[in-house]
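Take a look at the structure below.
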Protein chains: 2
Amino acid sequence: MTVTIKDVAKLANVAPSTVSRVIANNPRISEKTKHRVREAMEHLGYHPNFNARSLANRSTQAIGLVMPGSADKAFQNPFFPEVIRGISTIVHEKEYALFMSTGQTEDEIHDGVVRMVQGGRVDGIILLYSSVDDKVMNYLIEKKFPFTVIGKPFKNEDAITHIDNDNFKAAREMTDYLISLGHDKIGFVGGSSHLVVTIDRLLGYEKSLRIHHIPYRDEYIIHEEFLKEGGQEAIRKLMALEEPPTALLVMDDLMAFGVLSTLSEMNISVPYDISVLSFNNVMLADFSTPALTSVDINIFQLGYEAADCLMDLIAKPDLTPRRIAVPYKLVERQSCMALSAPKEKTI
Amino acid sequence: MTVTIKDVAKLANVAPSTVSRVIANNPRISEKTKHRVREAMEHLGYHPNFNARSLANRSTQAIGLVMPGSADKAFQNPFFPEVIRGISTIVHEKEYALFMSTGQTEDEIHDGVVRMVQGGRVDGIILLYSSVDDKVMNYLIEKKFPFTVIGKPFKNEDAITHIDNDNFKAAREMTDYLISLGHDKIGFVGGSSHLVVTIDRLLGYEKSLRIHHIPYRDEYIIHEEFLKEGGQEAIRKLMALEEPPTALLVMDDLMAFGVLSTLSEMNISVPYDISVLSFNNVMLADFSTPALTSVDINIFQLGYEAADCLMDLIAKPDLTPRRIAVPYKLVERQSCMALSAPKEKTI
DNA sequence: TTGTACGCGTTATCAA
DNA sequence: TTGATAACGCGTACAA
């Protein structure tokens with residue numbers, strides 16, 4: 001039914017192997033026959049069968065994407081679409097395809113990855129997150145399968161090609177920034193503490209406090225998923241403290257939206273009563289009220305570089321591991337202000 | 001290197017074909033040997049090679065996803081993540097994998113799909129959008145390749161299994177709703193007019209106006225992508241009309257965020273000066289100020305059903321085409337109010 | 001109930 | 001520069 005290399009060969013009066021060479025653009029085929037073969041391909045509407053090719057080749061032209069936890073929640077966050085956008089750019093350039101494994105629990109995801117890898121569906125993998133002692137990462141390392149990760153590996157940092165921002169430094173600087181605005185009661189609102197990014201940023205936050213001789217208080221630290229109600233509670237508790245924070249360092253714009261909304265319900269005004277600074281600088285950050293002051297971490301580039309490195313890795317599997325630090329930049333909008341400023345509201 | 005069916009056969013002291021049958025859970029293999037073979041598989045860490053299987057089988061265990069325009073912009077919209085979430089659920093259940101083609105322009109996307117299909121990478125395809133005279137859809141029809149579409153096909157409606165909301169009815173009802181609130185100057189803010197959903201809703205909007213003897217005005221209709229500046233202009237013009245609308249029917253929450261933001265910059269208050277009603281009921285709709293009154297179109301279910309139908313279609317290619325209408329529901333929040341209400345602001 | 005042999009569409013090796 | 005031929009790993013008639 002489907003037109004194969006043999007049909008082309010017959011029509012062009014050559015051997016199948018010749019057709020194969022034409023496809024690979026083998027230099028030792030005369031331009032003349034190349035032409036003839038290509039015409040035959042065109043004429044018949046030939047398209048190579050990737051499975052057959054992979055089988056003979058041990059190379060699919062595809063890479064796999066692994067998302068954290070349930071792709072569910074992950075996908076709700078604009079971070080992932082954006083990072084995939086960066087990845088697609090490279091992937092498309094190289095004529096690769098994208099494969100996504102699906103799975104809700106950690107185990108399901110692991111199984112999905114195993115099937116992808118052992119099943120020969122992909123040539124390499126990008127981990128879209130980095131968590132402490134990650135099963136998938138361990139598997140990939142053990143298998144010596146080409147992969148890159150977005151975020152810093154918890155261990156084996158030097159042995160794994162990874163792309164991230166310098167989250168420690170970023171969090172430190174942002175805390176510095178809030179302090180420079182006069183704040184010394186600064187809350188930290190993070191996501192799962194299994195995520196290395198959370199850990200790194202918490203460390204940076206601590207460091208800044210220490211340098212400025214500001215005491216670190218446990219009650220200022222929140223770890224909540226925040227996509228749902230849980231987070232609201234946490235914020236309420238935080239603001240009910242005897243000395244509530246006057247500034248919040250939030251790990252993610254999506255969380256920040258939740259925070260903003262809760263705060264607004266509590267009639268606490270941002271930025272007049274409390275400043276909010278978050279990470280990611282998602283497109284929507286511009287549209288919230290007040291517009292979010294957020295750290296642009298160049299999500300697109302994170303994806304782009306991750307894919308780029310992976311391509312290199314696939315080509316040369318024993319390339320020495322690299323670490324690429326993507327720059328970040330604070331985008332000041334309306335959700336932060338100096339503590340000392342007069343507390344007058346404009347309308 | 002990799003462990004194959006033969007290795008398993010050897011270890012279990014059976015023929016490769018027997019192993020193959022065990023994998024397929026062929027009933028005419030004795031439980032005893034099944035057990036033995038399974039132990040061997042376990043022991044060796046065997047995983048079937050999908051490419052080989054596909055070749056012999058002409059069935060990949062994968063389906064392809066096609067996004068509109070540049071996956072870029074598409075992906076910015078929470079609609080797609082959510083719809084994919086619905087798809088993943090089924091896909092995972094059936095142990096399928098997800099394939100995404102990448103491409104920026106319409107032609108690139110088309111090529112990607114052709115490669116997916118002819119290359120034998122997928123067993124079926126879900127179109128995540130429906131546009132007028134779509135190249136990809138035409139191709140799929142011509143090839144008689146199994147596919148379902150989310151949205152209503154522009155033509156051949158009866159011949160294509162598709163899942164959508166009744167967008168005509170929905171838009172009519174929502175317009176009715178705004179009219180019932182006392183509005184008779186209602187703007188329509190839509191996306192690309194190549195999208196069938198836009199067309200259907202515009203028709204529904206018109207219908208409602210006609211029934212209520214409200215004149216249809218061209219100057220009340222906007223078609224803008226809205227993710228960027230373009231939309232701002234359009235809204236400014238709209239509000240600068242001699243008789244600016246007192247209510248806006250917006251096709252998408254993301255656009256609505258943009259509208260809200262522009263309106264706020266213009267010091268036009270929602271809902272006191274103008275009501276805004278939008279579609280999709282994205283998670284973030286709850287967090288905007290004011291919280292968006294939005295139509296919940298059950299995005300998740302759209303994806304879920306589309307995948308479900310596709311699975312049926314793959315199993316029985318000449319199943320008669322179906323149309324599944326997913327219910328929708330208005331979620332009233334703070335962005336709409338009755339026109340006759342006193343125009344007093346609560347702080 | 002199980003084994004043999006061939007085909008799926010390519011690529012790669014070796015000759016010519 | 002090109003052609004045969006043997007893999008690649010699996011499914012499946014057909015035979016036993």
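A, B, ... follow the sequence lines: proteins, then strands. Residue 1 opens every chain.
- Across the interface with DNA chain C, nearest-nucleotide mapping of B/Asn13 and B/Ala52 shows B/Asn13 to be the residue nearer the 5′ end.
- At least one side-chain nitrogen or oxygen of A/Asn57 sits closer than 4.0 Å to the OP1 or OP2 atom of C/dA12.
- Between B/Lys34 and B/Asn26, the side chains place no donor N or O within less than 3.5 Å of an acceptor N or O (distance only, hydrogens not considered).
- The OH-P distance, from B/Tyr46 to D/dG9, rounds to 10 Å in whole Å.
- The A/Ser30 side chain lies nearest to D/dT1 when the options are C/dG3, D/dT12, D/dT1.
- Looking at B/Arg58, its side chain has no donor and acceptor atom pair within 3.5 Å of the base of D/dG11.
- In this structure, B/Phe50 has no ring-ring contact (aromatic ring centres under 6.0 Å, His included) partners at least two apart in sequence or on a different chain.
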| task | Carefully, step by step, assess A/Glu39 and A/Arg36 under the rule salt bridge (charged side-chain N to carboxylate O under 4.0 Å, His left out). | result | CA-CA 5 Å; A/Glu39 262 176 0; A/Arg36 197 148 37 93; over 6 Å; no
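- An OP1 or OP2 oxygen of D/dG9 is reached within less than 4.0 angstrom by a side-chain nitrogen or oxygen of B/Thr2.
- Side-chain nitrogen and oxygen atoms of A/Ser17 include none within less than 4.0 Å of the OP1 or OP2 phosphate oxygen of C/dA12.
- OP1 or OP2 of D/dG3 has at least one side-chain nitrogen or oxygen of A/Thr18 nearer than 4.0 Å.
- One interatomic measurement links the two molecules: CD1 of B/Ile5 to P of C/dT4, which rounds to 14 Å at whole-angstrom precision.
- Take the nearest nucleotide of DNA chain D for A/Pro27 and for B/Ala56: the residue whose nucleotide is more 5' is A/Pro27.
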| message | If you apply the rule salt bridge (charged side-chain N to carboxylate O under 4.0 Å, His left out), what do you find for B/Asp158 with B/Arg323, and how did you get there? | response | CA-CA 8 Å; B/Asp158 299 330; B/Arg323 183 230 170 168; over 6 Å; no
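- Atoms NE2 (B/His47) and P (D/dC10) sit 12 Å apart, rounded to a whole Å.
- Phosphate contact (OP1/OP2 of C/dT11, side-chain N/O of A/Ser20, threshold under 4.0 Å): present.
- For the pair B/Gln61 CD and D/dC10 P, the interatomic distance rounds to 14 Å; values are reported in whole Å.
- Residue contacts for A/Pro48: at a heavy-atom cut-off of 4.0 Å it reaches the sugar-phosphate backbone alone, with no base atom in range.
- In this entry the distance linking NZ of B/Lys10 with P of C/dT2 reads 20 Å, nearest Å.
- For A/Arg21 against C/dT13, a side-chain-to-base donor-acceptor contact under 3.5 Å is present.
- At C/dG9, none of the side-chain N or O atoms of A/Thr4 fall inside 4.0 Å of OP1 or OP2 (strictly under the cut-off).
- One atom, NZ of A/Lys32, and another, P of D/dT1, lie 13 Å apart when rounded to the nearest Å.
- The separation between A/Phe50 atom CZ and C/dC8 atom C1' is 17 Å, rounded to whole Å.
- No contact: B/Val19 has no heavy atom under 4.0 Å from any strand.
- Environment of NZ in B/Lys143: sparse, with no more than 12 heavy atoms of neighbouring residues, nucleotides or ligands closer than 6.0 Å.
- In terms of phosphate contacts, B/Arg28 brings no side-chain nitrogen or oxygen within less than 4.0 Å of OP1 or OP2 of C/dT2.
- Side chains of B/Asn298 and B/Tyr304: a donor-acceptor N/O pair is absent below 3.5 angstrom, by distance only.
- Rounding to whole angstrom units, CG of residue A/Asn49 and C1' of C/dG9 are separated by 6 Å.
- Backbone-only contact: B/Thr33 has heavy atoms under 4.0 Å from sugar-phosphate atoms and none from a base.
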